[in-house]
There are 2 protein chains.
Amino acid sequence: MVERRRPGQPAGITHARVVAEARELLTEEGVDGLTMRALAHRLGVAPNALYTHVRTKAQLVDDVLDDLLAGVTAIDPDDPDWRGALHALMRSSHAVLLEHAELVPLFLARRGARETNAQRLGESMLRLLATGGVEGRLAREAQRALIVYTIGSAAFAARPPLGSNAETEALPSVDELTRNFDQGLAWLLAGIARA
Amino acid sequence: MVERRRPGQPAGITHARVVAEARELLTEEGVDGLTMRALAHRLGVAPNALYTHVRTKAQLVDDVLDDLLAGVTAIDPDDPDWRGALHALMRSSHAVLLEHAELVPLFLARRGARETNAQRLGESMLRLLATGGVEGRLAREAQRALIVYTIGSAAFAARPPLGSNAETEALPSVDELTRNFDQGLAWLLAGIARA
DNA sequence: ACCTGAACACCGTTCAAGT
DNA sequence: ACCTGAACACCGTTCAAGT
């Protein structure tokens, strides 16, 4: 806390630490609490020190999201049960995004932040669709529809912040959100499979 | 411009004017340009004067979105071709949301801003689904899936702001966005109809 | 390269006061 | 009720400088 440091004295900050601390700050204080200044304070550093490790706040948000996507359960992209594997992949993505649902709308707004993990997932999806005979333009559209539905569901599930004035009308549980998600996903996959 | 006004002198501002001006500001300057201060400036008024007509900025955003939804093409909620009518309804919603796509992620984040126009649309959807024999819990889930997909598609289509550093890789046209949207919607409706 | 102090150019919102 | 002036408590980011 009282750590005095003079200019030039390194504080042991890395990009990974910034992202990890951002995630913690996010879960504790919500999306409005995620500010560069609060993040710097947590790391025991001056606000502008962050700019050594991160280009902008928007880029940081992208990095947090992609860090989140690293937690998606791996599947076999050549699983002969392509529809089952695709369902599992999207379900895991949805679950992982729910962890920071508040952040997801920002993700949507930035058109998907094509970072490494997101790209890898996209490729797995195309592989599975190809196994099901869905290829070319149609595969691209199926991929887009699945992504939109999955990210959209997570964003839609974003809880209002704790001190909200919204009627306390028993927000749906994670379980219920997942069941709802599953149902729509099944409809979508059924449509795609018959294409 | 040089209109001097003393405290108490009304400026002819109404809630409707604030919303309308917000929409114009939004199309001209994008979502980052939509600030209370810029909006007040446009209306020739001090920033805090807006708080006579609007409770918070978040509420204003909700109002703008609902104002937007007023533009959705009316359909007959008892159309026997329920699937066609539902498709048309969602397509029109999608088109209208594309007008301020940048704003849509905020809409998602606020869980749908249940204002009057949004409610009316939701009821039409349930009516049409009932005509198709989809009722009760399943109807609720179909409604949710359709809304998530429609709003998600619009949000996903949000153009990066003009001065973006994103590779200028020929962003999809509105026509193409609509075709893509239609394809996924058809899949979803096919799945729902077979439920 | 990595950090600090200070500053710039903003925000949304509130408060007290005037008509 | 409707507006103003002034202020509060913040923001993200940049610049110059120090090691």
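Chain letters run A, B, ... following the sequence lines, proteins first and then strands; every chain starts at 1.
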Take atom [atom1] of [X] and atom [atom2] of [N], then tell me their distance rounded to the nearest Å.
X      : N       : atom1 : atom2 : value
H15(A) : dA1(C)  : NE2   : C1'   : 17 Å
L50(B) : dC2(D)  : CG    : P     : 13 Å
E29(A) : dC11(D) : CD    : P     : 11 Å
D32(A) : dG12(C) : CG    : C1'   : 12 Å
L60(A) : dC11(D) : CG    : C1'   : 15 Å
R17(B) : dC2(D)  : CZ    : P     : 14 Å

Is the phosphate of dA1(C), meaning OP1 or OP2, less than 4.0 Å from a side-chain N or O of H53(A)?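 No, no such contact exists.
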
Checking H15(A) side chain against H53(A) main chain: does a donor-acceptor pair fall under 3.5 Å? yes

Residue pairs passing the side chain to side chain donor-acceptor pair (under 3.5 Å) test where at least one lies in residues 179-190 of chain B, sequence neighbours excluded: H87(B)-D182(B), R91(B)-D182(B)

Considering every strand and a 4.0 Å limit on heavy-atom distances, what is the contact class for T52(B): base, sugar-phosphate, or nothing?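 Answer is base: heavy atoms of T52(B) come under 4.0 Å of a base.
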
Under a 4.5 Å cut-off applied to non-hydrogen side-chain atoms, are L185(B) and L146(B) in contact?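 Yes. Closest side-chain heavy atoms under 4.5 Å.
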
Does the side chain of L128(A) come within less than 4.5 Å of D78(A)'s, by heavy atoms?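 When only atoms from C-beta onward are counted, L128(A) and D78(A) do not touch, as no gap falls below 4.5 Å.
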
What interatomic distance, in whole Å, is found between C1' of dA17(D) and the corresponding atom of dC2(C)?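 Between the two C1' atoms, the distance is 13 Å.
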
Which whole number of Å gives the distance between the C1' atom of dA9(D) and that of dC10(C)? 13 Å

Kindly write out the residues that satisfy side chain to side chain contact (heavy atoms under 4.5 Å, CB included) with A38(A), not counting sequence neighbours, or none if the list is empty. L25(A), T35(A)

Can you list everything that forms a side chain to side chain contact (heavy atoms under 4.5 Å, CB included) with R120(B)? Sequence neighbours excluded, please.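 With sequence neighbours excluded, R120(B) shows a side chain to side chain contact (heavy atoms under 4.5 Å, CB included) to N117(B), given in chain and number order.
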
Hey, could you give me each pair passing salt bridge (charged side-chain N to carboxylate O under 4.0 Å, His left out) that has a residue in residues 186-195 of chain A? Not counting sequence neighbours. none

With nearest nucleotide decided by heavy atoms, which residue, A49(A) or T35(B), maps closer to the 5′ end of DNA chain C?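 First, find each residue's nearest nucleotide; the 5'-ward one identifies A49(A).
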
Under a 4.0 Å threshold between the charged nitrogen and the carboxylate oxygen, would R127(B) count as salt-bridged to E123(B)? no

Are the charged groups of E28(A) and R42(A) less than 4.0 angstrom apart, N to O? yes

Provide a list of protein-nucleic acid N or O atom pairs under 3.5 angstrom, restricted to nucleotides 13-16 of chain D.
unit_1, atom_1, unit_2, atom_2, d
dT13(D), OP2, Y51(A), OH, 2.6
dT13(D), OP2, K57(A), N, 3.0
dT13(D), O5', Y51(A), OH, 3.2
dT14(D), O4, N48(A), ND2, 3.2

So what's the dot-bracket for DNA chain D: Watson-Crick or G-U pairs under 3.5 Å, [ ] if a pair crosses, | if it pairs off-strand? ||.|||||...|||||.||

